[in-house]
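These notes concern the structure reproduced below.
Reckoned from all heavy atoms, side chains included, excluding hydrogens, waters and symmetry mates. Residue numbers count from 1 along this sequence.
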Amino acid sequence: MLIDGSPYGVTTGPDDALWFTLVHEGRIGRVTPGEAPAIFQLDPADGGPTVITTGVDGALWFTEFTGGRIGRATVDGTITAFEAASPYGITSGPDGAMWFTQLQGDRIGRITPDGEITHYPLAAEGAMPSMIVAGPDGALWFTLNQGNAIGRITVDGKVTHYALPTADAAPVGICAGPDEALWFVEIGAGQVGRIDASGAVTEFPLLDRAARPHAIVTGRDGALWFTQWGSGTLGRITTEGLIEEFPLEGAEPHGLTAGPDGRIWVAMESGALVRHPVSSSGRV
């Protein structure tokens with residue numbers, strides 16, 4: 001599906017539509033597979049909208065990294081913005097709030113549905129907290145891209161860091177897996193990683209170590225699916241570590257989601273949302 005702009009993040013909304021960010025155009029969009037997209041202009045348009053996710057309140061929440069804002073969009077396209085320095089990753093928390101990373105501030109943030117923000121500083125300096133996700137243990141887990149670690153923060157603000165075995169791994173994407181663990185990708189090392197609740201890390205080298213994996217989600221088939229920004233491909237890894245790769249049309253794949261039609265959808269910054277032809281439940 002061609003998109004007039006540069007899709008970066010994509011998620012499946014509570015309305016069974018795909019919601020996406022247009023990072024260079026200062027817009028977000030909504031589309032039901034097979035229909036024309038609806039585009040919503042942000043004001044101001046200089047924010048660089050990046051990651052988008054469904055919120056605890058049934059709205060879509062997204063980060064505007066360069067503009068220093070967190071956005072909230074209802075399913076009818078009504079948009080509200082809240083100021084927050086350098087936000088990047090964002091996720092629904094187990095406590096009725098949204099949690100986000102501050103890429104340049106070495107902080108994790110919490111924002112309530114009405115916009116009240118609390119900041120939690122990290123001990124590491126220049127660690128670049130990137131993606132964040134709610135874990136199966138009731139805590140939030142996040143990647144430290146330049147800290148070469150995975151972080152965990154409880155809802156009352158207690159932070160723990162787990163160093164990665166591989167130097168300069170530069171983790172980015174992270175998701176909750178189907179096996180009570182967290183799965184992440186290492187853009188610097190060309191690996192997929194798994195960390196359990198105790199902090200034990202397992203790493204799986206990719207077929208192409210220069211593929212630069214970026215984002216990762218759990219599919220409906222019980223496997224993990226991830227984008228490979230450097231090679232322009234889609235990857236799949238089972239919980240046992242079996243890896244497959246699939247070509248994508250276009251360039252610079254970033255976010256991805258398990259869509260309402262059972263397919264994996266990928267945001268291609270070159271100007272498209274690409275649907276993997278086989279459903280994530282294994283059916284054509």
Hey, can you pull the donor-acceptor pairs under 3.5 Å for the side chains in residues 77-91, sequence neighbours left out?
{"residue": "T78", "atom": "OG1", "partner": "D76", "partner atom": "OD1", "Å": "3.2"}
{"residue": "S86", "atom": "OG", "partner": "Q104", "partner atom": "N", "Å": "3.2"}
{"residue": "Y88", "atom": "OH", "partner": "Y8", "partner atom": "OH", "Å": "2.6"}

- request: First locate atom CZ of R212, then atom OG1 of T233, and finally report the distance between them rounded to the nearest 0.5 Å.
  value: 13.0 Å
Value rounded to 0.5 Å, distance of CZ in F204 from OG1 in T238: 8.0 Å
query: Are L122 and I111 linked, directly or through other ILVMFWY residues, by side chains that come within less than 4.5 angstrom of each other?
result: no
- request: Check the surroundings of atom CG in D46: do more than 12 heavy atoms from other residues, nucleotides or ligands lie under 6.0 Å from it?
  value: yes
- prompt: Can you name the closest pair of heavy atoms from D208 and S231 and give their distance?
  reply: OD2-CB, 4.0 Å
query: Closest approach of A59 and A73, non-hydrogen atoms and distance?
result: CB-O, 3.4 Å
field: Side-chain donor or acceptor of T54 paired with backbone N/O of T12 under 3.5 Å
entry: yes
- line: CD1 (I70) and CZ (F100) are apart, to the nearest 0.5 Å, by 3.5 Å
Donor-acceptor contact below 3.5 Å, side chain T143 vs main chain V172: yes
statement: On a heavy-atom basis, the closest approach of A134 and A176 is O-CB, 3.8 Å
field: Under 3.5 Å side-chain donor-acceptor pair for T50 and T21
entry: no
query: Atom CD1 of I237 and atom CZ of F226: how far apart are they, to the nearest 0.5 Å?
result: 6.0 Å
query: Should V56 and V133 be counted in the same cluster of Ile, Leu, Val, Met, Phe, Trp and Tyr side chains packed under 4.5 Å apart?
result: yes
query: Once you round to the nearest 0.5 Å, how far does OG1 of T160 lie from CZ of R152?
result: 6.0 Å
Side-chain donor-acceptor pair present, D156, T154, cut-off under 3.5 Å: yes
I195 with V159, same ILVMFWY side-chain cluster at under 4.5 Å: no
Hydrophobic cluster identity match, I3 and I28, side-chain contacts under 4.5 Å: no
- prompt: If Ile, Leu, Val, Met, Phe, Trp and Tyr residues are connected whenever their side-chain heavy atoms lie under 4.5 Å apart, and connections chain through other members, are V23 and I52 in the same group?
  reply: no
- line: The ring pair (Phe, Tyr, Trp, His ring centres under 6.0 Å) partner of W99 among Y120, W61, F142 is Y120
message: Determine whether a donor-acceptor pair (N or O, by modelled atom type, separation under 3.5 Å) exists between the side chain of R209 and the backbone of A189.
response: yes
field: Modelled atom types, side-chain donor and acceptor of E203 and T166, under 3.5 Å
entry: yes
query: Are S6 and E269 close enough, and set up right, to give a side chain to side chain donor-acceptor pair (under 3.5 Å), and what steps lead you there?
result: CA-CA 4 Å; S6 307; E269 195 173 338; 5.2 Å; no
query: What distance separates L18 CG from M1 CE, expressed to the nearest 0.5 Å?
result: 6.5 Å
Salt bridge (charged side-chain N to carboxylate O under 4.0 Å, His left out) pairs, two or more places apart, involving residues 16-37: D15-R30
- request: Identify the two heavy atoms, one from Q102 and one from P129, that lie closest to each other, and give their separation to 0.1 Å.
  value: O-CG, 3.4 Å
query: Quick one: side chain to side chain contact (heavy atoms under 4.5 Å, CB included) partners of E180, sequence neighbours excluded?
result: P136
- prompt: Between H276 and F246, does the ring centroid distance fall short of 6.0 Å?
  reply: yes
statement: Between P171 and F184, the two heavy atoms sitting closest are CB-CD1, 4.2 Å
For L60 against P14, the heavy-atom pair lying closest together: CD2-CD, 4.1 Å
